[in-house]
Amino acid sequence: MAMVVATMSACNQQATFCISGNVDNAEKVYLLDSRREVIDSANVVDGNYVIENAYFAPERCYVSDNKDIQSADYAAFVFVEQGDIIIEGDEEGLYASGTPSNDAYHNLINALAKLRNEYYADSTTDERREQIDEEYEASMWNAVEQNYDNMFGLLEFSDLIYDLDGEASMAYLAKFSEEMQNTDMWKSMMQITQDRMRVEVGNPYIDFTQNAPDGTEISLKSVVEKEGNRYVLLDFWASWCGPCMGEVPYLLEDYAKYNPKGFEIFGSSLDSDMSRWTGAIEENGMGWIHVSDLKYWANSAATLYAVRSIPANFLIDCSTGKIIAHNLRGEDLSIKLSELLD
């Protein structure tokens with residue numbers, strides 16, 4: 001990566017955002033959106049460039065000397081927002097500064113880097129490492145709370161939202177400024193939160209139907225309402241998911257012990273390859289009920305249950321039809337089943 005010294009911004013006063021910097025050995029730089037598609041560009045003159053335009057909306061972007069950022073020698077992550085943004089360089093690489101989101105992002109990255117370096121230092125005690133873990137998380141939450149009015153705060157919250165239940169997520173989302181609430185990112189998180197709230201503990205399960213490996217259609221309702229079933233674990237997994245396969249030994253043990261007492265597993269796979277899906281079932285002796293639509297992350301049931309990472313599971317009480325636990329991993333499932341069925 002080429003190292004740079006920031007140039008003073010040469011912005012047109014009519015422009016509402018302006019990105020400037022300098023770069024060696026490039027004729028042009030490109031502004032790429034979060035999908036890495038070109039949305040603007042500028043010629044490099046005497047090593048300097050200025051990208052300026054009317055302000056369109058806050059956006060996560062990249063400035064690069066190549067339309068294909070994977071092939072770039074010069075690339076910087078930047079929040080496009082109102083103001084003069086300067087791409088600078090230090091020993092760590094390129095970074096953007098000059099506007100609230102970019103300054104806050106750079107400050108957080110530096111703070112977290114210092115904590116990581118201290119954590120892994122040979123002289124750091126175990127007690128101090130526990131404190132650093134707490135400080136690391138607190139730093140990220142503080143960054144959100146100090147930046148409700150800009151894109152950085154919203155992006156940082158998008159990484160933390162999955163640690164919250166629906167009610168807490170709603171409370172945080174409501175704190176963001178009107179401008180942020182009009183962004184696609186905020187609207188997406190609001191939709192995710194609303195979807196998750198439908199399937200939180202205490203709510204009724206949502207029925208769906210998918211195909212078993214032999215092509216037979218099986219509904220979740222038919223399993224929950226089957227005579228003799230007392231508790232059903234709706235399990236989202238995939239053969240390509242290492243952590244999912246790591247859960248299999250626990251599931252096998254729990255199934256052998258508690259299936260005779262009314263415990264059933266209804267596994268919906270996010271596989272897209274039939275042979276890999278059925279092969280994993282057969283090779284691991286996973287003798288419970290399996291369904292899938294073989295649509296990978298577009299799995300219709302996963303969408304219905306707002307699943308954004310796997311493994312994920314929901315324990316359903318057949319007598320009430322309500323979800324009574326969520327994401328029981330490892331021995332936690334065994335402990336819960338022991339409380340319910342022993």
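Every heavy atom of this structure was used, including side-chain atoms; hydrogens, water molecules and symmetry mates were not.
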ask   = In this structure, are over 12 heavy atoms from other groups packed under 6.0 Å from K226 atom NZ?
value = no

request  = Please check if atom NZ in K322 has more than 12 non-hydrogen atoms from other residues, nucleotides or ligands closer than 6.0 Å.
outcome  = no

ask   = Does the gap between the ring centers of Y296 and W240 come in under 6.0 Å?
value = yes

ask   = Between N66 (side chain) and I69 (backbone), is there a donor-acceptor pair under 3.5 Å?
value = no

query = Can you hop from F266 to L252 via hydrophobic side chains spaced under 4.5 Å?
reply = no

inquiry  = Main chain of Y255, side chain of N259: is a donor-acceptor contact present, judged purely on distance under 3.5 Å?
reply    = no

note = Minimal heavy-atom distance between L220 and I206, with the atoms involved, is CD2-O, 3.7 Å

request  = Return the orientation label for the Y95 and H106 ring planes: parallel under 30°, perpendicular over 60°, tilted otherwise.
outcome  = parallel

message = Contact between V78 and Y62 at the side-chain level, heavy atoms closer than 4.5 Å - yes or no?
response = no

key: E81 and S101: side chain donor to acceptor below 3.5 Å   = yes

message = Tell me the closest heavy-atom pair linking G330 and E247, and the distance in Å.
response = N-OE1, 2.8 Å

query = So, S292 versus D271: side-chain donor-acceptor pair below 3.5 Å or not?
reply = no

key: K336 NZ to L341 CG distance, which is reported to the nearest 0.5 Å   = 10.5 Å

message = I need the minimum non-hydrogen distance between E156 and A143, along with the two atoms involved.
response = CG-CB, 4.5 Å

message = Any side-chain to backbone donor/acceptor pair from D68 onto Q70? Under 3.5 Å, distance only.
response = yes

request  = Establish, from distance only, whether the side-chain atoms of T99 and N102 form a donor-acceptor pair under 3.5 Å.
outcome  = yes

query = Checking D103 side chain against G98 main chain: does a donor-acceptor pair fall under 3.5 Å?
reply = yes

key: Shortest non-hydrogen separation from W297 to S309 and the atoms involved   = CH2-CA, 3.8 Å

query = Is it the case that more than 12 heavy atoms not belonging to K114 sit under 6.0 Å from its NZ atom?
reply = no

query = Any luck finding a side-chain donor-acceptor pair between S334 and E253 under 3.5 Å?
reply = no

query = Sub-3.5 Å donor-acceptor pair from the side chain of Q181 to the main-chain atoms of F176, do we have one?
reply = yes

key: Distance-only donor-acceptor check, side chains D342 and Y258, under 3.5 Å   = yes

key: Check: R329 and P243 side chains under 4.5 Å, non-hydrogen atoms   = yes

request  = Look up atom CE in M185 and atom CG in L154, then write down how far apart they are to the nearest 0.5 Å.
outcome  = 5.5 Å

Side chain to side chain, F314 and L233, heavy atoms closer than 4.5 Å = no

Distance-minimising heavy-atom pair for D73 and D65 = N-OD1, 3.2 Å

Exceeds 12 heavy-atom contacts within 6.0 angstrom, atom CG of D184 = no

ask   = Mind checking whether I87 and Y49 have side chains closer than 4.5 Å, heavy atoms only?
value = yes

request  = Quick one: do I316 and I324 satisfy side-chain contact (heavy atoms from CB on, under 4.5 Å)? Show the steps, please.
outcome  = CA-CA 6 Å; I316 300 166; I324 60 171; over 6 Å; no

query = When you measure from the side chain of D40 to the backbone N and O of L31, does any donor-acceptor pair fall under 3.5 Å?
reply = no

task = Compare all side-chain heavy atoms of M189 with those of S158 and state whether any distance is below 4.5 angstrom.
result = yes

request  = May I ask you to test the K67-R36 pair for a side-chain heavy-atom distance under 4.5 Å?
outcome  = no

Point-to-point distance, once rounded to the nearest 0.5 Å, from CD of E331 to OH of Y250 = 5.5 Å

ask   = Going only through I, L, V, M, F, W and Y residues with side-chain contacts under 4.5 Å, is there a path from L294 to M245?
value = yes

ask   = Under 3.5 Å, is there a donor-acceptor pair between the side chain of T124 and the main chain of Y120?
value = no

inquiry  = Within the supplied structure, the quantity of interest is the number of heavy atoms (other residues, nucleotides, ligands) at a distance under 6.0 Å from E178 CD; does it exceed 12?
reply    = no

inquiry  = Counting only heavy atoms not in D122 (residues, nucleotides, ligands), do more than 12 fall under 6.0 Å from its CG?
reply    = no

ask   = Does any donor atom in the side chain of Q191 or D195 lie under 3.5 Å from an acceptor atom in the other side chain?
value = yes

request  = Might you work through the ring pair (Phe, Tyr, Trp, His ring centres under 6.0 Å) test for Y172 and W141, ending with a clear yes or no?
outcome  = CA-CA 11 Å; Y172 271 98; W141 280 110; 5.0 Å; yes

task = Could you tell me the separation between the CD atom of E264 and the SG atom of C318, rounded to the nearest 0.5 Å?
result = 9.0 Å

task = Check whether any side-chain N or O of R308 sits under 3.5 Å from a backbone N or O of Y162 as a donor-acceptor pair, and report yes or no.
result = no

key: Shortest non-hydrogen separation from M197 to N203 and the atoms involved   = O-ND2, 2.5 Å

task = Mark yes or no for whether N313, through its side chain, and N327, through its backbone, hold a donor-acceptor pair below 3.5 Å.
result = yes

inquiry  = Please tell me whether I265 and F208 are part of a single hydrophobic cluster in this structure, the criterion being side-chain heavy atoms less than 4.5 Å apart.
reply    = no

query = So, S300 versus D293: side-chain donor-acceptor pair below 3.5 Å or not?
reply = yes

query = Between the main-chain N or O of S269 and the side-chain N or O of N299, is there a donor-acceptor pair closer than 3.5 Å?
reply = yes

ask   = Got more than 12 heavy atoms from elsewhere within 6.0 Å of CD, E339?
value = yes

message = Quick test of your reading of the model: are R129 and E134 salt-bridged, counting only N-O distances below 4.0 Å?
response = no

ask   = Going by heavy atoms in the side chains, are R128 and E135 under 4.5 Å from each other?
value = yes

ask   = Any idea how F79 and F152 line up, ring-wise: parallel (<30°), tilted (30 to 60°), or perpendicular (>60°)?
value = perpendicular

ask   = N150 and N147: side-chain donor and acceptor closer than 3.5 Å?
value = yes

query = With a 4.5 Å heavy-atom cut-off, do Y305 and L234 have their side chains touching?
reply = yes

request  = List the steps, then state whether side-chain contact (heavy atoms from CB on, under 4.5 Å) holds for M170 with Q194.
outcome  = CA-CA 8 Å; M170 283 288 193; Q194 291 171 339; 3.5 Å; yes

